[in-house]
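What follows is a short report on a single structure.
Just so it is clear: chains get the letters A, B, ... in the order the sequence lines come, proteins before strands, and each one is counted from 1. The structure presented is a predicted model; accordingly, all values stated were derived computationally and were not measured.
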Amino acid sequence: MSDPEESHLVQERRQKVDRLRDRGVEPYPWSFPDRVPSTTVVDRCRSLTPGATASGPDARVAGRIRTIRQHGRSAFLDLEDQAGGLQLFLRVDELEEPAYSEWLADLDPGDIVGAEGSPMVTRRGEPSLLVRQLTMLAKAIAPPPEKFHGLRDAELRIRRRYLDLLSSPETRARFRARSLLVREIRHFFDEHDFLEVETPILGAVASGAAAEPFGTRSTYLDEDLQLRISLELPLKRLLVGGMERVYELGRIFRNEDLDVTHSPEFSMLEAYWAYTDYTDMRRLMEAMYLRLARRIADLLPEVPAAVEAPTLFQSPFAVVDFVEALEERSGIPGLLDKGRDELRALARTAGATVPDASPPGKFLDKLFEHYVEPSLTRPTFVVDHPLSTTPLAKHHRSKPGRVERFELYCRGVELANAYSELNDPDEQARRFEEQLAAKGTDHYAIDRDFIEALQYGMPPASGVGFGIDRAFMALTGAASIKEVILFPPVRSRP
RNA sequence: GGGCCCGUAGCUCAGCCCGGUAGAGCAGGCGGCUCUUAACCGCAAGAUCAGGGGUUCGAAUCCCCUCGGGCCCGCCA
């Protein structure tokens, strides 16, 4: 693939830029005031019969030229803007300066133009703008992707997302929906009196999850730093500090390979709620997902999975006990009494390869992943995990060997993870030590300052975390996380 | 990191099995057309066939390596 700079197509378009300048037309002007969305013009066309032109004031629209259909001394242009698009109808006897023939010669698909004229409906019934004045707003010197098939090359669609966006209404709709869904999530927490906060991305030791961190370095501090892998510990410090309902929605970084459901950097929301337990949080999450499901159906009426979301997410969500579900599905009784070696053997049989030295919880997670997860297509809360799987949750008040935790699953994907938060400083210290000793989790560094914070007293609280990308995937049925991240990580260009 | 598959014009694709020196549509150029909508009609142009090496009289095509991508596995609560 040669550099577009060298292409003769670009050369030809550069010559058009020169020609425009020679005629005194600025190819890159500063603004286009008083423009309205294309939908405003389309609305004004509704009352018109085919062939009629509106009598009222002229309308001004702006956007990108997608196609040009020239008919000798008239032409139709398809103009696209964020609201949608509109057909422009150019006729030599309607168009003011500059001359029609000059305009068409220097206009290409991909150019951004402004148009002023009368709303009209063609004889074939297409809402249009009968153009009186056409203004070049940004001459495109690189040609846009093919008008009908668009950009299919998966690599180009990701590396040059702007090309994917400008050539694909579906892509534009998807990312618009993502933004509005994030807005909805913020509204939800704001309405429940949670404060949105920001905590550091850079720190000495990344903690709060078992994942390989990215490293970087501060020249000023002369220290090695790590990028955060979770939001948990700083937010809990805020509970200690007296903030009773906090959440953060931000990027976290895990130094791992990318696949259909994992990206090395992704957006995570974590919320902590003082004086409540995981049952309260379960109700909150159910309420949130019910709301998001309704919202996504409105936002993406063209996407079947989005339209089905309100049917799929219906109250009450199913609740299953982690151990009961696993024992039932696998047909293996007494899992909690089994030792590490026995669990490892079972995990092997189930086809999972886990480092021998992993803590018992790791094998249980693998078994769960294998036997239970795929069957969780409807929204289901999996509750009360074995203690060995979860170092930061409070032990269960009535089930020995368990913690008060839930994970929400839907369409086989984990959508949320929450627990009654551990606030006993000594037990927390002990759990960290155990994790560290168990190996297989060598990235678990002990955050001493966090233990110290707990010593001052953290109110009982529930906390939840969920990946924004996966939530959006589950709601829209997206096949890959790359489809829901505007700029997924890619290798630098060769 | 391992396995399989893919990379041909700016874009979308054919040609590759079975070796004979590259073909179309869109976009662009020139000409025609004042209601089209993947507009249409005519003419001309556009390609280090991802890059490098090998086999061969001859390689887009067969083999090897490199780069980039996709899928699966591993890693990843």
(Q) Distance check needed: B:G68 P versus A:Leu156 CG, whole Å only. (A) 15 Å
Q) Near RNA chain B, which residues from residues 111-119 of chain A have a heavy atom under 4.0 Å away? A) none
Q) Going by modelled atom types, is there a donor-acceptor pair between the base of B:G74 and the side chain of A:Asp257 at under 3.5 Å? A) yes
Q: For A:Arg152, answer base if it contacts any base atom (sugar-phosphate contacts may also be present), sugar-phosphate if it contacts only those atoms, and nothing otherwise; contact means non-hydrogen atoms under 4.0 Å.
A: sugar-phosphate
Q.
By the 4.0 Å heavy-atom rule, please label A:Glu155 as base, sugar-phosphate, or nothing.
A. sugar-phosphate
Q: Look at all strands and tell whether A:Asp365 reaches a base, only sugar-phosphate, or nothing, counting heavy atoms closer than 4.0 Å.
A: nothing
Q.
Taking atom types as they are modelled, would you say the side chain of A:Asp153 forms a donor-acceptor pair with the base of B:C11 within the 3.5 Å cutoff?
A. no
Using the 3.5 Å cut-off, write out each protein N or O paired with an N or O of nucleotides 30-33 of chain B and the distance between them.
residue: B:C33; atom: N3; partner: A:Gly72; partner atom: N; Å: 3.0
residue: B:C33; atom: N4; partner: A:Gly72; partner atom: N; Å: 3.3

**Q.** Nearest-angstrom distance from the residue atom CD of A:Glu146 to P of B:A27
**A.** 8 Å
Q: Please list, chain by chain and in numerical order, all residues satisfying ring-ring contact (aromatic ring centres under 6.0 Å, His included) with A:Phe317, sequence neighbours excluded.
A: A:Phe313, A:Phe381
Q | Length of the CD1-C1' vector between A:Ile229 and B:C75, whole Å | A | 14 Å
(Q) Taking the minimum atom-to-atom distance to the side chain of A:Thr122, which one of B:G10, B:A77, B:U37 wins? (A) B:U37
Q) In whole Å, what is the span from the CZ atom of A:Arg160 to the P atom of B:G69? A) 14 Å
Q: Tell me, please, which residues at least two apart from A:Ala83 pass side-chain contact (heavy atoms from CB on, under 4.5 Å).
A: A:Pro37, A:Ser38, A:Thr39, A:Asp81
Q.
Just to be sure I understand the rule, does A:Asp108 reach a base, reach only the sugar-phosphate, or reach nothing, if contact means heavy atoms closer than 4.0 Å?
A. sugar-phosphate
Q: State, without any angle test, whether A:Thr377 and A:Arg411 hold a side-chain donor-acceptor pair at a distance under 3.5 Å.
A: no
**Q.** Contacts of type side-chain contact (heavy atoms from CB on, under 4.5 Å), residue A:Asp365, not counting sequence neighbours
**A.** A:Phe322, A:Thr389
Q: Would you mind classifying the nucleic acid contact of A:Gly110 as base, sugar-phosphate or nothing, using non-hydrogen atoms under 4.0 angstrom?
A: nothing
Q: Classify the nucleic acid contact of A:Phe322 as base, sugar-phosphate or nothing, counting any heavy atom under 4.0 Å across all strands shown.
A: nothing
Q: Could you list by number each residue of residues 74-91 of chain A showing a heavy-atom separation from RNA chain B of less than 4.0 Å, or answer none if no residue does?
A: A:Ser74, A:Phe76, A:Gln87, A:Phe89, A:Arg91
